There are 2 protein chains.
Amino acid sequence: MAYTVRQLARLAGISPRTIRYYDEIGLLKPAQVSAAGYRLYGQAEVDRLQQILFYRELGVELKKIKRLISAPSFDELAALREHRAKLLAKRRQVDLLIANVEKTIALKEGKTTMTDQEKFEAFKQKMIAENEDKYGAEVRAKYGDEAVDRSNALLKNMTAEQYAEWQKLGEEVLNTLKAAMATGEPAGDLAQKTADLHRQWLTFSWNHYNKEAHAGLARMYVADSRFTAYYDDQIQPGAAQFLCDAILIYTGQQQ
Amino acid sequence: MAYTVRQLARLAGISPRTIRYYDEIGLLKPAQVSAAGYRLYGQAEVDRLQQILFYRELGVELKKIKRLISAPSFDELAALREHRAKLLAKRRQVDLLIANVEKTIALKEGKTTMTDQEKFEAFKQKMIAENEDKYGAEVRAKYGDEAVDRSNALLKNMTAEQYAEWQKLGEEVLNTLKAAMATGEPAGDLAQKTADLHRQWLTFSWNHYNKEAHAGLARMYVADSRFTAYYDDQIQPGAAQFLCDAILIYTGQQQ
DNA sequence: TATACACCTTTACGTTACGTTAAGGTCAAC
DNA sequence: GTTGACCTTAACGTAACGTAAAGGTGTATA
């Protein structure tokens, strides 16, 4: 069946305006245009729209969606499998929120206590390093207990002031890393300052710091795609690698 | 602990700009302002922000959030319980999407077939009436099998053209209902046309229509809060009641 | 004591993904 | 042959911020 704008919109549960907008930005072009100028969509467009909506559901910007699915290397099946993984992650996130709201209910009923930091924990999609209660076992098995002995207890045992300081340090690491990357020199002052800030940041959650473990974590940043994705996304592609290099130099552990 | 803008932002995992914006629109005002003009937030504001983020997570507009939590009748505990219910619904929605992506994967692997309407089914947050595969048992127990014998099979057995026609009718019901409500007369021409369109729409999924069942469904629209919420939200408050009245007159079943 | 430097402020314009008229052409149906 | 539901482009409006710009604040350090 060939769909007009409104028919396609109804099929997908979106507005006609959205369909036209997607044409305007070149995200979804009609299969053909009738003599009267009517947009007409076919099977390929229906499937493409479904892909688009999966990406949109997962919060991807339209510009990025366009880049992704227009790439000649775009693999529909692989994309669907990634959607699946992302949706599973999203469900875990919703589960966290449910746990959080339940704990907050208990708090309001006077049945428990909650620190300020706990109240917002589930809203943040955190870096894996701060999520070890969920990934801990996995990471532990891979990299040993040494580097992963911090956990949820951290949130409960830190005072609000300590937590604020910790968060601030985390932000500074990112800011300094960004500036350092602009220089392009992992051995430069800024990059070494980044590594030092990173050490200070770690010290909050590690009960004993040593250079070997620090360097080990740095290597993990490039080895584990979830870490890499986090830094590359927050800063720019290559950020995880750059940080790793800087830390290896800082700890004198580069071979 | 008293938080500055940036500290509160870090605590909640949002940007300082967002905090200031919430002040600007009167959604979250600081507990006090220092001599130098610095915003300072206390415990009550932290808790209010948590509530705000729960609503935001569920897609509620900031303007509406403000109305809700600023109302003198606002019950924090009741709101939290509603968040819980909505989050559970959201998880069901994500589950639907996961099922959909898995079926689509199977489709691309040539292991199954899928109609166009099935491809987008999970993206729509539908009215309960179209969701009977999930609520069916419940509604069935409450209102009998008579009115609820349509199901998922409908999507698979309708041709794309039939489905398009059905969707169109559904839209027309809403449009006509909107216009009819402006007249305020459930017995008027427009309202009766709405009831007739509603009958046609039903006929697509009911294998045998009769006035009694139609009137019964109309009564359910005001009895079941999920139906009421759907129509009241799509049109305006009172829409479900108005539609019910019109249908009762149309079917001659009003007492 | 000066000077970094990270913070704070307001003002104001930019952005994304559409919603919403407005003004006019198209097409199947009664 | 005229509704009435559709289609078109154009253009302005909106929500929820992001992003400088220009200037004041607070404190740690050289």
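Just so it is clear, the values below take in all heavy atoms, side chains as well, and ignore hydrogens, waters and symmetry mates. Order of the sequence lines sets the chain letters (A, B, ...), proteins ahead of strands, with each chain counted from 1. Note that the coordinates shown come from a computational prediction; the quantities given were computed from them, not determined experimentally.
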Rounded distance in Å - CD1 (Ile25(A)) to P (dT16(C)): 10 Å
Separation of dA17(C) P from Glu57(A) CD (nearest whole Å): 15 Å
Test salt bridge (charged side-chain N to carboxylate O under 4.0 Å, His left out) applied to Asp23(B) and Arg17(B), Lys66(B), Arg39(B), the passing residue: Arg39(B)
Position toward the 5' end of DNA chain D (nearest nucleotide), Ala35(B) or Arg20(A): Arg20(A)
Distance test, side-chain N/O of Tyr22(B) to OP1/OP2 of dA16(D), below 4.0 Å: no
Sugar-phosphate only, base, or nothing, as touched by Ser34(B) at under 4.0 Å among non-hydrogen atoms: nothing
Tyr3(A) OH to dC7(D) P, straight-line distance once rounded to whole Å: 14 Å
Quiz item: Tyr38(B) side-chain donor-acceptor pair to dG24(D) base, under 3.5 Å: yes
Rounded interatomic separation in angstrom, taking CG from Leu28(A) and P from dA17(C): 15 Å
Asp23(B) vs Glu171(A), nearer the 5' end of DNA chain C by closest nucleotide: Glu171(A)
Closest listed nucleotide, where the reference is the side chain of Tyr21(B) and the choices are dC6(D), dA16(D), dC7(C): dA16(D)
Listed nucleotide nearest any side-chain atom of Lys168(A), set dA17(C), dA5(D), dC7(C): dC7(C)
side-chain hydrogen bond (donor to acceptor under 3.5 Å, both in side chains) evaluation trace for Glu118(A) with Thr115(A): CA-CA 5 Å; Glu118(A) 283 181 281; Thr115(A) 63; 3.3 Å; yes
Residue whose nearest DNA chain D nucleotide is more 5′ - Arg56(B) or Lys193(B): Lys193(B)
dA6(C) phosphate, OP1 or OP2, under 4.0 Å from Arg6(B) side-chain N/O: no
Side-chain N,O (Ser15(A)) to OP1/OP2 (dC18(C)) below 4.0 Å: no
Ion pair Arg199(B)/Asp196(B), N-O distance below 4.0 Å: yes
Touch class at under 4.0 angstrom, heavy-atom based, for Arg39(A) against every strand present: sugar-phosphate
Steps toward side-chain hydrogen bond (donor to acceptor under 3.5 Å, both in side chains) verdict (Asp116(A), Gln50(B)): CA-CA 10 Å; Asp116(A) 282 352; Gln50(B) 193 200 14; over 6 Å; no
Nucleotide dT16(C), atom C1' - distance to CD1 of Ile65(A) in whole Å: 12 Å
OP1 or OP2 of dG18(D) under 4.0 Å from side-chain N/O of Thr18(B): yes
Trp166(B) and Trp201(B) aromatic ring geometry - parallel, tilted or perpendicular at 30°/60° bounds: parallel
Length of the line joining Glu61(B):CD and dT14(D):P, which is rounded to integer Å: 13 Å
Along DNA chain C (nearest heavy atom to each residue), the more 5'-positioned of Arg17(B) and Val5(B): Val5(B)
Separation of atom CD in Gln7(A) from atom P in dA5(D), rounded to whole Å: 15 Å
Residues Glu82(A), Lys86(A): salt bridge by 4.0 Å N-O rule: yes
Whole angstrom value for the distance that separates P of dA29(C) from CD of Glu165(B): 11 Å
Phosphate contact (dA15(D) OP1 or OP2) by Lys63(B) side-chain N/O below 4.0 Å: yes
